[in-house]
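Just below is one structure, and these are the notes that go with it.
Note: hydrogens, waters and symmetry copies are ignored here, and every other heavy atom, side chains too, is used. All figures in this text were calculated on a predicted structure; none of them were measured in a lab. Numbers for residues simply follow the sequence, beginning at 1.
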Amino acid sequence: MNHQIVSEDKWLLARKQLLAKEKELTRMQDEVNRLRRDLPWVKVEKDYIFDTPDGKQTLAELFDGRSQLIVYHFMFAPGWAAGCVGCSFFADHVDGANVHLMHHDLSFVAISRAPLAEIERYRKRMGWHFKWASSYGTDFNTDYHVSFTKDELAKGPTYYNFEVRESQTEGEAPGMSVFFKNENGSVFHTYSAYARGDERGLGAYMFLDLTPKGRNETGPNYNLTDWVKRHDEYGKDAVRQ
């Protein structure tokens, strides 16, 4: 890489200038986090029933005794041979953090439209342990704007990331939704994020962002699909055990 080379003193000056920007960003992130917590809530009135490894469960039961729940909308439609590559990349980051989340009043569950048998087959292939439920036959995915079926398209324009989709075609999309359950058992939708909104969960990106080459997504798609594979699809010679 053809890059500027300077003395230690000049590097330190530039580093301190960047540090001021980093601190500004941290303070702004703290403020955004506060505003997120202050968002109004919407009570969930619909009775969703999911297929899980523990049997049929309601949305309230997915909290597993905790007051907070994160749902990862994992792109995996009925009949797919495997889950989405990008969602699989995200899922690789979950199990380690989940041990800590469970001890801090937060449950995590992935939800997909694929039938449970298809989900379980793929989950075992990937070696993940987090809870993964099927919303097959329910309105959950369409209600939270991450699945776009023929029936949904027939009703009118579909939405993603809080705006009308440019392409009104069938498909799946990633996202994350957060819920709270009060002492009376009522469930509230507090937050959802889509598209790049779930990057906060991608620790690999946080490491890459520190490096000279950064994410190095130089085409053809200029996103993670330029390089990410399911973790069992990398060549053995490219992975050091």
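- The distance from the CE atom of Met176 to the OH atom of Tyr144 is 15.0 Å, given to the nearest 0.5 Å.
- Checked by atom type and distance alone, the side chain of Asn141 never pairs as donor or acceptor with a backbone atom of Val146 at under 3.5 Å.
- Arg165 meets the side-chain contact (heavy atoms from CB on, under 4.5 Å) test with Phe148, Leu153, Thr158, Tyr160, Gln168, Thr169; sequence neighbours excluded.
- Phe188 meets the ring-ring contact (aromatic ring centres under 6.0 Å, His included) test with Trp41; sequence neighbours excluded.
- Chaining together hydrophobic side chains whose heavy atoms lie under 4.5 Å apart places Val164 alongside Tyr159.
- Pairs engaging residues 103-118 under the salt bridge (Lys or Arg N to Asp or Glu O under 4.0 Å) rule: Arg113-Glu172 [sequence neighbours left out].
- Clustering of Ile, Leu, Val, Met, Phe, Trp and Tyr side chains at separations under 4.5 Å leaves Tyr222 isolated, with no partner residue.
- Applying the side-chain contact (heavy atoms from CB on, under 4.5 Å) test to Lys23 and every residue at least two apart in sequence or in another chain returns Leu19, Arg27.
- Within the structure, salt bridge (Lys or Arg N to Asp or Glu O under 4.0 Å) contacts touching residues 62-91 (residues at least two apart or in different chains) are Asp64-Arg66.
- A perpendicular orientation is assigned to the rings of His93 and Phe89, their planes being inclined by more than 60° (bins at 30° and 60°).
- Applying the ring-ring contact (aromatic ring centres under 6.0 Å, His included) rule to Phe162 yields the partners Tyr194; only residues at least two apart in sequence or on another chain are considered.
- In this structure, OH in Tyr48 is found 7.5 Å from OG1 in Thr138, a value given to the nearest 0.5 Å.
- Residue pairs that meet the salt bridge (Lys or Arg N to Asp or Glu O under 4.0 Å) test with at least one member in residues 127-142, sequence neighbours left out, are Lys46-Asp139, Asp54-Lys131.
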Return all side-chain donor-acceptor pairs below 3.5 angstrom for residues 69-88, not counting sequence neighbours, or 'none' if the list is empty.
unit_1, atom_1, unit_2, atom_2, d
His73, NE2, Ser177, OG, 2.8
Ser88, OG, Cys84, O, 2.7
Ser88, OG, Tyr122, OH, 2.6

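- Taking Ile, Leu, Val, Met, Phe, Trp and Tyr as members and joining any whose side-chain heavy atoms lie under 4.5 Å apart, directly or through other members, the hydrophobic cluster of Met28 also contains Val32.
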What pairs of donor and acceptor atoms, side-chain ones from residues 179-187 against any protein atom, are under 3.5 angstrom apart with sequence neighbours left out?
unit_1, atom_1, unit_2, atom_2, d
Lys181, NZ, Ala60, O, 3.2
Asn182, OD1, Asn184, N, 2.9
Asn182, OD1, Gly185, N, 3.0
Asn182, OD1, Ser186, N, 3.0

